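Note that the coordinates shown come from a computational prediction; the quantities given were computed from them, not determined experimentally. Just so we're on the same page: letters track the sequence lines, and every chain starts at 1.
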2 protein chains.
Amino acid sequence: MSTPTLRDVAEAAGVHAATASRALNPATRGLVNAKTARRVMKVAEQLGYRPNPIARGLKTAKSGTIGLVIPDLTNPLFPPIVRGIEDILEPAGYSGLIVNTDNDPHREQSQIERLRSRQVEGLIVATARVHHPLLERLHDEGVVMVMVNRRPEGVDVPSITPDDAAGIELAVRHLADLGHTRIAHVAGPQSTSTGVTRARAFRAAIRTLGLEDDPRLTATAAYWSEDAGADGLRVLLDDGQEFTAIVAGNDLIALGCYDVFHERGITCPDELSVVGFNDMPFLDKLRPPLTTVAIPHQQIGAEAARLLLDAIADPARATRSVSLPLSLVVRGSTARPG
Amino acid sequence: MSTPTLRDVAEAAGVHAATASRALNPATRGLVNAKTARRVMKVAEQLGYRPNPIARGLKTAKSGTIGLVIPDLTNPLFPPIVRGIEDILEPAGYSGLIVNTDNDPHREQSQIERLRSRQVEGLIVATARVHHPLLERLHDEGVVMVMVNRRPEGVDVPSITPDDAAGIELAVRHLADLGHTRIAHVAGPQSTSTGVTRARAFRAAIRTLGLEDDPRLTATAAYWSEDAGADGLRVLLDDGQEFTAIVAGNDLIALGCYDVFHERGITCPDELSVVGFNDMPFLDKLRPPLTTVAIPHQQIGAEAARLLLDAIADPARATRSVSLPLSLVVRGSTARPG
DNA sequence: CACGAGGCTGCACTCGTTTGCAGTACCTTT
DNA sequence: AAAGGTACTGCAAACGAGTGCAGCCTCGTG
């Protein structure tokens with residue numbers, strides 16, 4: 001026979017199913033005789049009874065699942081975030097349902113529909129599009145959600161973001177400490193909020209540290225990609241700019257810089273230092289290993305899950321947002337200027 | 001008000017809930033008058049009706065979910081597999097529930113318990129332990145499952161595995177074609193089935209290609225790790241063996257070889273060629289980019305999902321197992337012998 | 001000793017959907 | 001015109017657990 005039901009337990013313990021239900025539920029256990037409760041629990045244990053969450057969900061309108069909306073699990077950015085989320089969800093008795101949107105708005109919409117029809121109790125959204133009417137609508141409909149890696153615009157939704165500005169300052173300060181004075185920035189696309197924030201933070205850090213604040217030392221990559229990063233650095237180089245260090249908008253852009261080094265016979269870190277952003281896996285395997293700003297992905301995920309659970313428990317609570325501190329991982333791509 | 005229920009639709013369409021149910025379900029639609037069916041469907045559409053899978057699951061004892069048991073999502077091996085699985089599951093109306101075991105048998109057990117109590121209809125297991133009493137028990141209890149990356153021992157369960165032997169032969173043949181005759185192998189731990197299979201395949205390939213079959217050209221790494229790989233190569237080198245190319249048990253071991261090259265001033269590929277195994281992400285970013293055998297991770301996941309869906313649809317069907325062909329990705333770490 | 005008050009427990013209904021069975025109406029056939 | 005079929009449709013009972021309500025028993029109190 002298959003898994004025992006509540007009735008089986010009740011029968012075996014010689015009580016009514018209702019009593020068994022109350023005995024097994026810590027919240028209602030006080031309503032039943034302590035001795036009876038113990039007996040029921042023991043029988044349940046012996047029979048290996050597991051409450052059927054589907055049946056429970058039907059009655060309580062709670063599914064015990066939450067939806068994780070991400071662009072693509074294959075992007076190494078997300079697995080640690082997901083892991084962090086699951087680690088919090090699991091002890092709380094929740095499970096995560098992952099959907100990939102591939103950054104396609106239609107897919108995103110239909111995937112979220114799927115999640116909603118599966119009765120998820122909340123959403124953790126990690127997709128990156130800036131303006132987002134769908135999310136506004138969901139929020140209006142009372143769907144509980146939390147955003148990750150991006151501060152929502154207009155919508156009153158809690159969010160978890162890395163403190164980009166502080167991270168950039170960490171990078172610049174590290175280079176300044178090494179003795180660099182002319183530092184360049186290959187920024188990410190200025191159509192993304194991260195790209196803008198980091199570029200702005202770069203200039204701010206340069207100024208507060210009293211370094212040379214030359215707008216010509218900033219190039220912009222068209223995409224968050226290796227190729228675009230390489231192009232960005234080439235522009236700087238072909239422009240005849242002089243600099244001894246580069247702060248890249250993210251790790252992929254830094255990898256693009258590596259390609260240009262190779263192509264033009266520049267040695268790193270002797271002639272040019274680079275620091276990346278994100279701390280993707282395997283960066284320590286590069287030659288030279290890349291110095292980068294590490295984002296606490298797992299912690300971000302965990303924090304997001306905690307926020308969501310709070311919001312589910314008490315939807316009225318004021319939305320709060322968290323900005324997590326970053327750290328610098330110093331490896332071999334940065335050194336004193338030659 | 002919240003999402004409309006089947007009864008709401010039925011009422012709005014002027015029929016009984018049972019009729020609405022039949023009209024909405026393609027399988028039973030033939031039982032109801034075509035005109036009525038159309039009306040019901042139109043009303044459902046207008047009201048934005050979404051069947052509640054929880055209620056449906058309660059009645060049909062099908063949850064529409066399947067469990068994905070993996071050691072750690074953070075390991076870059078798994079995201080593509082998971083992605084491949086989800087891509088098949090989704091159009092079939094299923095969702096995957098991911099759990100991480102961290103290779104801890106206790107955790108594995110409790111996680112699988114969790115999945116079962118959530119009424120998953122099947123399991124895709126990608127954990128690596130060799131002997132596995134838990135899985136045998138589950139199989140005996142009639143739990144439908146599929147194994148990934150590992151052929152089950154003793155248990156009669158379908159599995160999807162990469163064709164390791166063919167992959168190794170690809171690597172050896174590539175090196176032979178380049179002109180190498182004395183090829184070494186830094187094997188993975190011989191306590192793992194993959195380690196054994198690949199080492200055996202290596203010797204077999206050497207012989208079929210008529211190369212020098214010298215047992216002293218094989219060293220064994222104690223773990224699937226960079227350090228262990230480095231140690232393996234050092235043994236070979238210190239032994240005074242002569243060879244011009246290395247087939248590494250996997251990419252991490254190959255990375256270990258890179259470390260030794262660096263440490264002893266050996267240039268790759270001029271003095272020594274290397275080929276890895278797995279095609280981890282970012283291998284193309286190394287200097288030199290690593291030639292390696294690529295495993296079709298996503299396809300493996302997809303195939304596993306297909307097999308599982310088949311098994312769910314028809315549990316009686318004979319278990320079949322699939323071995324997927326691999327391909328060689330030629331990059332910069334292999335060249336003609338100097 | 002009678003009565004009221006708790007403390008427990010059981011009854012029965014509910015959640016939203018599916019499905020066997022019974023019924024109705026209409027059509028065909030003899 | 002009656003009998004039998006067919007094509008629908010409705011009724012009601014599930015699935016497994018949660019919960020308001022009523023009833024029972026027991027104990028304490030006046």
Please give, in whole Å, the distance from C/dT19 P to B/Arg56 CZ? 9 Å
When you check the phosphate oxygens OP1 and OP2 of C/dC8, does a side-chain N or O of A/Thr36 lie under 4.0 Å from one of them? no
Please determine, for the side chain of A/His16, which listed nucleotide (C/dA12, D/dC21, C/dT17) has the closest atom? C/dA12
Pairwise 5' ranking along DNA chain D for B/Arg39 and A/Ala17, keeping only the more 5' one: B/Arg39
Test A/Leu73 against B/Leu73 for side-chain contact (heavy atoms from CB on, under 4.5 Å), laying out the working first. CA-CA 10 Å; A/Leu73 187 63; B/Leu73 186 62; 4.2 Å; yes
Using a heavy-atom cut-off of 4.0 Å across all strands, would you classify A/Leu58 as base, sugar-phosphate, or nothing? base
What is the distance, rounded to the nearest whole Å, between atom CZ of B/Arg118 and atom P of D/dG16? 18 Å
Starting at the 5' end of DNA chain D, which residue's closest nucleotide do you reach first, B/Ala55 or B/Gly14? B/Gly14
From the list D/dG18, D/dC11, D/dC8, which nucleotide is the closest neighbour of the side chain of B/Asn33? D/dC8
Residue mapping more 5' on DNA chain C - nearest nucleotide basis, A/Lys59 or B/Pro51: A/Lys59
Nucleotide nearest A/Ser21 (side chain, heavy atoms from C-beta), chosen from D/dG18, C/dT9, D/dT9: D/dG18
For B/Arg38 and D/dC8, what is the distance between atoms CZ and P respectively, to the nearest whole Å? 12 Å
Grab the CZ-P distance between A/Arg29 and C/dC8 for me, whole Å please. 14 Å
Measure CD/B/Glu11 against C1'/C/dG16 and give the value in whole Å, please. 14 Å
State whether a side-chain donor-acceptor pair under 3.5 Å links B/Arg50 with B/Thr3. no
Do A/Gln298 side-chain atoms and A/Arg83 backbone N/O form a donor-acceptor pair below 3.5 Å? no
Roughly how many Å is it from CG in B/Leu31 to C1' in C/dT19, rounded to a whole number? 10 Å
Heavy atoms from other residues, nucleotides or ligands near CD of A/Glu11 exceed 12 (cutoff 6.0 Å): no
Counting only side-chain heavy atoms from C-beta out, which of C/dT18, D/dA17, C/dC21 sits nearest to B/Leu6? C/dT18
Once you round it to whole Å, what is the distance between C1' of D/dA17 and NZ of A/Lys62? 15 Å
Could you check B/Thr19 against B/Ile54 and say which one's nearest nucleotide on DNA chain C is further toward the 5' end? B/Ile54
B/Arg7 side-chain N/O to C/dG16 phosphate OP1/OP2 under 4.0 Å: no
Identify which nucleotide among D/dT9, C/dT18, D/dC21 has an atom closest to any side-chain atom of A/Arg22, counting heavy atoms from C-beta outward. D/dC21
Looking only at side chains, do B/Ser63 and B/Thr65 share a donor and an acceptor under 3.5 Å apart? yes
Remember a base hit wins even if backbone is also touched, and classify B/Thr28 as base, sugar-phosphate or nothing at under 4.0 Å, heavy atoms. nothing
Rounded to whole Å, CG of B/Leu24 lies from P of C/dT17 at a distance of 9 Å
To the nearest 0.5 Å, tell me how far B/Glu45 CD sits from B/Leu24 CG. 10.5 Å
